[in-house]
Amino acid sequence: MTAPLLQIDGVTIDYNTKKGNLRALRDISFDVNKGEIVGIVGESGCGKSTLISTILQLLPQNAEWKKGAINFKGKNLIACSEKEMRDMRGKDISVIFQDPMQSLNPVITIGRQMVDIQHRSTSPYVEKWQKAIDMLSMVGIADAETRLKQHPFEFSGGMLQRIAIAMALMSRPDLLIADEPTTALDATLEVEIIKRLKDLHKEMGCSILFISHHLGVIAELCQRVVVMYAGSVVEFGSVDEIFFNPKHPYTRRLIECDPGHIKERAKRLPTIPGEIPDLTEALEGCIFQERCSEIIAKCKISTPHFVSVGQNHQAACWLNHNQEPE
Amino acid sequence: MSDPITDKETKVKMSDHRQSEFLKIVGGVAKNPLGLIGLIIVGVFVFCALFADWIVPHDPVGMNIKDRLQGPSTTYFLGTDQLGRDTFSRLIMGSQVALKVALPAVFGAMFIGLTLGMIAGYGPRWLDNFLSLIFDTIRSFPTVMFALAVVALVGPSLQTVVFVVMATSIPIYGRVARTQTLALRNSEFILAERSMGASLFRILGIHMMPNIIGVLSVLAAMDIPTVIALEAGLSFLGLGVKPPTPSWGSLLKDGYALIRQTPWLIVAGGLPIIIATLGFTFLGETLRDVVDPRLRKNR
C-alpha cells in the first residue's frame, strides 16, 4: 500500500487562555488515503475546527503547538515556511466552510471571486472566466454566465454552497476539507449537496475530509469514520464497523441519539447526559469518564490507549482491553 | 448552457458590464430627487471648474478701474469689485481653485487613510497602537489652528492648503478603515481566502478594500464640502491661495469690506459655497444608499 495522502500523527494543540491552558487537541492521529472520503464526527467544541486550522497551519496566535507531525504528500507541514504553506492552500488543499452566506465576499460578484481564486494561473482573463462558467455548470447552476455577474446575496444558500464547492474544486486539489458543509442548509438541500459531492468525488478523485455532526450524512458519504470527543480521537474505523459494531461508549451513545435510529415514538429525544469537560483542567484517566454509563475503576486512573477491535477498527476504551486475551 | 464564446465577445461583455454598473449607480442617484439635485449642482460645478478658461466673459484678474464697483448689468452679470474685476468671472475661476484643493486633498487623504487604516486593522497589535496614537494626536489639533501654524511656517499657497487638509483628514479615513478592517478580519470569507492561499496583499487589496471603499467614498463625498469651506475660510483669513488668484473665500473677504456699498459682492462669494456644499452633501447621502450592495438588497 502506498503512503497515505494526509498523515496526522500525535498532534497536540493548546490554546493559551485567561483561564489557563485549554487543551484543544490531544494526541490526534489518523490517516487519509488517496481518493478516500474520511468523516470526522463529534459534538460541538470537540476540536473539529481547530483540527482544520491545524492542517492548514492557520491557527490563531494564542495556539501553542505541543507535539506531533502532519505529513501531506510526504511533506511535513510543520516544517513548511509560510510561503510554502500558502502555495499549498487552495491548490493542493481546499476548504469548504460551514456557512456559505459568510464564506463569500459580500461586495464582489461571484465571477470576480471565481476569477480571482485562479490567481496562480497565468492564463488570460477570458480563459479564467470560461473556466468559472464551466465549474458553475458542473455543480449544476443554470445560466452560469449571467449568474457570474451577480453578488452573493442574489443566491440562495444551497446555490452559494454549490458555488463554494465549485471554487474549492477549481484547482483540482488532492485534499478537500469540508467543514460541516451542510449544517447551515435545510434537509432537502443537504441531500442534494451530498449527492453533488459524491458525484464530484467520483469525477475528480480527490480525497475528502468530511467534518459533520450528522451521522446520517457521514454514513452516506464516507468510507472511514473518525470519532472525536473533547479534543481526542476515541474511535476510528470503516463506516460499517463504526455504525454496526461501535466499541466506544461515546460512539454508541452518539448513534443512539441520532433521531434516525429511534424506532419508537418517544416523548423525549435521547441525549448524552452531562457536558464536555472543562478542557482547561488537567484530567486524569479517560476523557469520557464523567458522562460514561459503563465506567469502571480503571477509567479514573489512567487514559486508555487504542486497541484493535476489528479489521481497521480501533477504539480507546478500557472495556475493550478486558476483552483482549491477556 | 455554455456555448463557446470568442475572445472578443467576452471582452465586450465585460466592458459592457462594467459600464452598466456605473450607469446603474448614476441612474440610482438620479432617481432620488435629492440625488438628482446634487448631481446637477456637482455637474455644473465640475463643468465650470474644467472649462473655466473658456466660460469666463472677462479676464478674472484683469483690472478695469473705470468700471469699479458696478452693480449687476448685461456686461458684468454680477457687477465688479473695487478694482474693476468682473465678479462672475472670478467666481467661475474660484470654482477651479476650490476643486483643485478639494479633489487632491480628499482623494489623497482617502487613499493614504485607507492604506494606513487597513494596515492598522490587519497588522500586529503594536502597529495598530502606534498608528492609532498618531491618528488621535493629529485629530486632537483643531484644524484651523493647525492650518495657521503650517501657513505661518511655509507661507500661504494652494499646496499648503492641500497639505493641511490632507494631513487633518487622513486620520478620519484611517480610523474608519481600521474599524472596518477589524470587523472583517475574522469574518469567515477572509478565513476562506486565507485557506485558499491568498497573500496578504491579495486579501487587503482585492477582498478587504471593496468592503471598505463604499463607506469611505461616502465619507469623501461628504468631506468635499467641508474642504471647500475650509479653503474658503483660509482664503478669507488671507492664508489660502495668493491674492490675484480668485478664490471664493477671497471674494467673500473683498465683499465683506464693502458690504454697505456693494452687497452683491458678498452674496456672489457666499452663495456658491453654500450651493456647492449642499450639492456634494446630497450626492454623498444618495450615493451611500445606492453603492452599498447590502443596502441595495433591501430596496
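Hydrogens, waters and symmetry mates play no part in the numbers below; they use all other heavy atoms, side chains included. Keep in mind the model is a prediction, meaning the values are calculated, not measured.
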Which bit of A:A164 is near chain B, if near means a heavy-atom gap under 4.5 Å: side chain, backbone, both or neither? neither
Around atom CZ of B:F111, are there more than 12 heavy atoms of other residues, nucleotides or ligands at under 6.0 Å? no
Which atoms of A:I96 approach chain B - backbone, side chain, both or neither, heavy atom under 4.5 Å: neither
Verify, without hydrogens or angle tests, whether A:K131 (side chain) and A:M170 (backbone) share a donor-acceptor contact under 3.5 angstrom. yes
Just do the side chain to side chain contact (heavy atoms under 4.5 Å, CB included) check on A:L148 and A:T109 with the steps written out, would you? CA-CA 7 Å; A:L148 279 179; A:T109 57; over 6 Å; no
Okay, A:L56 and chain B: the region with an atom under 4.5 Å from a heavy atom over there is side chain
For B:L191, which atoms come within 4.5 Å of any heavy atom of chain A: side chain, backbone, both, or neither? both
Would one find more than 12 heavy atoms of other residues, nucleotides or ligands at under 6.0 Å from atom CD of A:Q61? no
Quick one: does A:Q113's side chain have a donor or acceptor within less than 3.5 Å of a partner on A:N105's backbone? yes
Report the option among A:L104, A:V95, A:D116 that has the most heavy-atom pairs separated by less than 4.5 Å from atoms of chain B. A:D116
Give me the one residue out of A:R89, A:K83, A:K91 that meets salt bridge (charged side-chain N to carboxylate O under 4.0 Å, His left out) with A:D87. A:K83
Portion of B:S195 that has a non-hydrogen atom of chain A nearer than 4.5 angstrom: both
If you count heavy-atom pairs within less than 4.5 Å of chain B, which of A:H119, A:Q98, A:R120 leads? A:H119
